[in-house]
> 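Structure in structure tokens, see below.
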2 protein chains.
Amino acid sequence: MHTILVIEDERDLAGLVAFNLEKEGYRCVIACDGIQGLEMARQHNPDLILLDLMLPGMLGTELCKLLKKAENTSQIPVIMLTAKGEEIDKVVGFEVGADDYVVKPFSTRELVLRVKAVLRRFAVETESETIINIGTVTIDTSRHVVAVKGEEIAFTSTEFKLLHTLVKRWGRVQSRDVLLRDVWGYNYVGDTRTVDTHITRLRTKMGEAGDMIKTVRGFGYKLEER
Amino acid sequence: MHTILVIEDERDLAGLVAFNLEKEGYRCVIACDGIQGLEMARQHNPDLILLDLMLPGMLGTELCKLLKKAENTSQIPVIMLTAKGEEIDKVVGFEVGADDYVVKPFSTRELVLRVKAVLRRFAVETESETIINIGTVTIDTSRHVVAVKGEEIAFTSTEFKLLHTLVKRWGRVQSRDVLLRDVWGYNYVGDTRTVDTHITRLRTKMGEAGDMIKTVRGFGYKLEER
DNA sequence: CCCCGTTGTCATCATGCTGTCACAACAGGC
DNA sequence: GCCTGTTGTGACAGCATGATGACAACGGGG
């Protein structure tokens with residue numbers, strides 16, 4: 001049973017949404033403004049958040065950024081409810097960090113399908129634990145911490161995302177294009193060689209465990225257990 | 001080799017898109033209006049369709065619905081090209097049925113990445129197998145690893161692609177021309193004898209399993225189970 | 001407003017992959 | 001057995017690719 005937090009100031013709409021989601025077997029919690037939303041996100045630890053872009057008191061985008069920044073809420077997927085014409089690009093992009101969006105007015109059918117899709121996507125990504133162990137390397141996505149041989153290592157956010165992507169798919173080769181897309185985002189325009197530099201930084205910081213990152217010439221990189 | 005149908009009335013844009021996709025190794029077919037597009041989709045059976053939302057004569061959305069309804073085109077993924085502000089929600093939603101969209105103006109990088117992502121998504125659904133076993137030889141494309149009798153062997157990128165092509169079509173003779181096209185790319189200009197050299201390298205590295213690669217005098221090479 | 005950590009880009013260097021060639025080996029037809 | 005066209009193979013030079021360090025732009029925090 002998944003819990004969904006609905007942050008939406010129009011009570012009628014919030015109620016309608018909750019009603020339909022509950023009909024599909026989800027548990028729903030409703031918050032009517034940003035502050036309350038943030039609090040409930042922390043308290044209830046929902047599996048997904050439906051967030052209205054226009055909220056009294058706090059912009060939905062700001063709230064989303066906050067959620068994605070805070071340690072204990074950052075891994076919760078967020079679906080934005082936007083009115084037509086609002087800057088959708090930014091919302092789903094890296095700037096705000098929402099995982100999907102639905103444009104108002106939406107059919108309940110569409111909303112439910114989106115919710116299912118996002119939950120499925122996240123189930124795959126977070127399958128197994130939030131702590132992954134490959135050889136001497138341990139990565140804890142929820143605490144945002146990496147350790148090699150028990151020794152904690154400080155990574156920057158880009159480095160962490162890159163390493164996380166490699167760890168999630170360890171053994172499998174990831175091309176530079178794939179890494180750019182999954183770490184830097186779809187809209188990233190720039191040199192694919194940027195990946196090289198960051199791989200170097202990872203290797204350096206990881207010390208002797210650095211050679212677990214293998215270069216596959218002509219294809220990309222992969223992480224291998226030793 | 002994937003074939004992509006580009007349905008776009010602005011010939012300049014269509015040409016540019018095709019140019020960039022072909023640079024990435026895709027084959028492109030261009031249609032300049034809806035009717036032609038529908039016909040070419042049926043004829044060429046492309047692996048993916050890039051469809052402009054605004055077309056003279058027939059709306060892109062209508063065309064997309066038609067494609068998704070017809071039996072022999074319904075399984076072809078469609079990426080919509082939309083101008084900002086057009087109703088993206090409907091397009092990718094369930095009403096129209098497109099599989100993804102790109103907002104104009106787009107960078108070629110983004111387009112190519114979207115195309116790759118969609119094709120990969122569809123490929124996963126259709127083939128699934130990344131590990132192939134022929135006799136004592138195992139090839140794992142996702143991990144980019146080849147093993148003979150359980151022993152891992154390091155192959156260079158060209159060698160790997162060549163072996164993969166042979167393994168994929170084991171038992172069937174592949175002419176040098178076909179191998180050149182599928183491994184080196186269809187626009188490769190050079191000596192067909194290059195293939196010979198690489199076959200030799202494969203045989204050497206594979207050890208006693210090397211004689212699974214048979215020379216078919218006057219035709220080409222094939223891989224045989226022993 | 002300044003400082004410092006982060007990040008993308010670039011130039012340079014090292015590496016080893018790759019295509020070509022020359023010649024040897026070979027198969028098959030006569 | 002000889003001849004011819006085809007294939008095998010080792011050597012090698014050129015070059016594509018990746019590693020790396022320097023650096024400037026940027027941005028957040030104090």
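Here is the naming used below: chain letters follow the sequence lines, and residue numbers restart at 1 for every chain.
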> Within the 4.0 Å limit for protein heavy atoms, which parts of nucleotides 2-11 of chain D are touched? Write it as a string from 5' to 3', B for base, S for sugar-phosphate only, - for none.
---BSBBB-B

> Mind checking Tyr188(B) for me? I need base, sugar-phosphate or nothing, with any heavy atom below 4.0 Å counting as a touch.
sugar-phosphate

> With respect to Glu225(A), which candidate in Asn133(A), Ile134(A), Val137(A), Thr136(A) satisfies the side-chain contact (heavy atoms from CB on, under 4.5 Å) definition?
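Checked Asn133(A), Ile134(A), Val137(A), Thr136(A) against Glu225(A); only one passes side-chain contact (heavy atoms from CB on, under 4.5 Å): Ile134(A).
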
> Five pairs at each end of the helix from dC1(C)-dG30(D) to dC30(C)-dG1(D): take the axis at both ends and give me the angle between them to 10°.
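One end axis against the other gives 30°.
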
> Side-chain contact test, heavy atoms from C-beta onward, threshold under 4.5 Å: evaluate it for Leu111(B) versus Leu81(B) and give yes or no.
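Yes, their side chains come closer than 4.5 Å.
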
> I need the Arg193(A) CZ to Ile199(A) CD1 distance, nearest 0.5 Å.
12.0 Å

> When rounded to the nearest 0.5 angstrom, what is the spacing between CG in Asn45(A) and OG1 in Thr3(A)?
8.5 Å

> For DNA chain C, which nucleotides open and close the run of contacts to chain A, 5' to 3', at under 4.0 angstrom from a non-hydrogen atom?
dT6(C) to dC17(C)

> Asp191(A) CG to dA19(D) C1': how many Å, rounded?
14 Å

> Are any of the side-chain heavy atoms of Leu119(B) and His2(B) separated by less than 4.5 Å?
yes

> In terms of ring plane angle, is the pair His198(A) and Trp184(A) parallel, tilted or perpendicular, where the classes change at 30° and 60°?
perpendicular

> Where the side chain of Glu8(A) meets the backbone of Glu10(A), is there a donor-acceptor pair that is under 3.5 Å apart?
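Yes; judged by distance alone, with no hydrogens or angles, the pair exists.
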
> Assess whether a salt bridge exists between Asp182(A) and Arg169(A), defined as any Lys/Arg side-chain N lying under 4.0 Å from an Asp/Glu carboxylate O.
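Looking at Arg169(A) together with Asp182(A), the answer is yes, because their closest N to O distance falls below 4.0 Å.
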
> Are side-chain heavy atoms of Phe155(A) and Lys161(A) found at a separation under 4.5 Å?
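The answer is no; the side chains never approach within 4.5 Å.
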
> Does atom CD of Glu208(A) have more than 12 heavy-atom neighbours, drawn from other residues, nucleotides or ligands, at distances under 6.0 Å?
no

